[in-house]
Protein chains: 2
Amino acid sequence: MESLREVGYRLTPQRMLIIAIIHDSKGHVTAEDVHTRVTEQYPFVDISTVYRTLQLLKKLHLVNETDLGGGRVEYELAQEARHHHLVCRRCGATSPLDDEMIDPLRARLLEKHGFRADMEHFAIFGVCRTCADKGQKG
Amino acid sequence: MESLREVGYRLTPQRMLIIAIIHDSKGHVTAEDVHTRVTEQYPFVDISTVYRTLQLLKKLHLVNETDLGGGRVEYELAQEARHHHLVCRRCGATSPLDDEMIDPLRARLLEKHGFRADMEHFAIFGVCRTCADKGQKG
DNA sequence: GTAGTTATTGCAAGTCGTTGCAATTGCATC
DNA sequence: GATGCAATTGCAACGACTTGCAATAACTAC
Ligand SMILES: [Mn+2]
Ligand SMILES: [Mn+2]
Ligand SMILES: [Zn+2]
Ligand SMILES: [Zn+2]
């Protein structure tokens with residue numbers, strides 16, 4: 001919470017509120033979600049401030065940003081245990097995916113291309129088992 | 001080119017032009033690129049028609065859509081050989097990535113989760129070898 | 001505590017992309 | 001080749017997010 005100041009950023013009431021809200025949120029929130037909750041306590045905060053703060057927290061790797069295809073980007077506290085999401089194009093269901101599933105790819109990219117891939121919080125689109133079964137596709 | 005009609009869509013001059021432009025383009029183009037070239041030949045086509053046509057071609061798996069972080073989405077003819085892109089967050093360089101690198105992940109997702117992942121044209125962000133070397137990070 | 005410096009904010013305007021709707025047009029049928 | 005109907009288009013309005021800028025306020029030094 002004080003970490004912002006340690007890295008040379010100013011600790012404003014807006015930022016404190018936004019950070020607290022992100023911490024209190026279970027799972028993903030949109031910028032609009034955050035803005036709604038911020039203005040309950042501090043009515044004059046502009047949504048652009050929320051967006052700018054989220055960008056800052058993302059840059060500092062304190063939050064992850066992901067587009068799960070819902071029309072608005074989602075944010076989440078950067079967890080200890082990295083995870084990702086599978087998103088079904090048919091039914092819209094999302095299920096979490098352990099980072100171990102994609103870690104081999106990260107290793108391969110580093111080994112073969114010298115590329116240090118972030119892959120902090122991926123959304124992988126496709127068709128879930130349930131929908132594939134329904135479609136009799138094999 | 002006639003494939004649209006075969007699948008039950010109407011073949012309009014706008015669509016024919018847009019498809020021809022995508023075919024003639026080497027590599028990625030933005031909707032604005034396409035619109036600019038369309039209006040050179042057919043001045044009254046609206047950009048919303050370009051967007052709608054690109055969405056349609058994407059749905060039919062004739063083009064791939066990807067956000068490489070450049071502020072506008074890029075489109076590309078769906079190639080025979082699938083590929084992806086590595087994008088360096090520091091220098092902005094992008095390099096193509098053979099699908100073989102991520103195919104094992106696709107297989108693992110199907111095997112362990114029954115999930116048929118698309119992963120048609122991924123953008124993977126991170127730090128390229130050159131930038132990592134410059135930064136003396138190991 | 002005051003003053004000065006500069007980051008941050010709120011606001012308004014801008015950008016990229018999507019969408020509702022009435023007018024147009026492709027295409028099937030006669 | 002005329003008629004009818006639904007798909008498609010152009011246009012304008014909208015939605016999510018970003019950005020320029022002047023006013024404000026956090027921090028630093030006294
Ligand atoms: Mn998540
Ligand atoms: Mn490509
Ligand atoms: Zn599903
Ligand atoms: Zn680089």
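Just so we're on the same page: letters track the sequence lines, and every chain starts at 1.
Inspection of the T30(B) and D33(B) side chains reveals an N or O donor paired with an N or O acceptor under 3.5 Å. A donor-acceptor contact closer than 3.5 angstrom is absent between the side chains of H85(A) and T94(A).
In this structure, L17(A) atom CG and dA26(D) atom P are separated by 13 Å, rounded to whole Å. In this structure, the CG atom of L56(B) is 15 Å from the C1' atom of dG26(C), given to the nearest Å. Here the C1' atom of nucleotide dT19(C) and the CG atom of L54(B) are 16 Å apart, to the nearest Å. Computed from coordinates, the E6(A) CD to dA26(D) P distance equals 19 Å when rounded to whole Å. For the pair L4(B) CG and dC27(C) C1', the computed distance is 14 Å after rounding to whole Å. Per the geometry, CZ belonging to F44(B) stands 14 Å off P belonging to dA12(D), to the nearest Å. Remark: P of dT9(C) and CE of M16(A) are 11 Å apart, rounded to the nearest angstrom.
Closest approach to the P13(B) side chain among dG10(D), dG26(C), dT8(D) is made by dG26(C) (side chain taken as heavy atoms from C-beta onward).
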Can you give me the N/O atom pairs linking the protein to nucleotides 18-23 of chain D at distances under 3.5 Å, or say none if there are none?
residue	atom	partner	partner atom	Å
dG20(D)	O6	R52(A)	NH1	3.2

N/O contacts under 3.5 Å, protein versus nucleotides 27-30 of chain D?
residue	atom	partner	partner atom	Å
dC27(D)	OP1	R5(A)	NE	3.2
dC27(D)	OP1	R5(A)	NH2	3.4
dC27(D)	OP1	L11(A)	N	2.7
dC27(D)	OP2	R5(A)	NH2	3.1

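Not counting sequence neighbours, the partners of R89(B) by the salt bridge (Lys or Arg N to Asp or Glu O under 4.0 Å) test are D118(A). Residues that satisfy the salt bridge (Lys or Arg N to Asp or Glu O under 4.0 Å) test with R106(B), not counting sequence neighbours, are D99(B), D103(B). Residues meeting the salt bridge (Lys or Arg N to Asp or Glu O under 4.0 Å) test with E32(A), sequence neighbours left out: R72(A).
Crowding of Q55(B) atom CD: a count of heavy atoms from other residues, nucleotides or ligands under 6.0 Å exceeding 12. Annotation: E100(B), atom CD; neighbour count of heavy atoms from other residues, nucleotides and ligands within 6.0 Å does not exceed 12.
Taking every heavy atom of residues 26-42 of chain B and every atom of DNA chain D, no pair lies under 4.0 Å.
Regarding contacts with the backbone of dT9(D), every side-chain N or O of T49(B) stays at 4.0 angstrom or more from both OP1 and OP2. When the side-chain nitrogen and oxygen atoms of Q14(A) are compared with OP1 and OP2 of dA26(D), none of them lie within a distance under 4.0 Å.
Of the two residues near DNA chain C, G8(A) and V73(B), the one whose nearest nucleotide lies more 5' is G8(A).
F122(A) and H84(A) have perpendicular rings, their planes meeting at more than 60° on a 0 to 90° scale where under 30° would count as parallel. Classified by interplanar angle (parallel below 30°, tilted 30° to 60°, perpendicular above 60°), the ring pair H83(B)/H28(B) is parallel.
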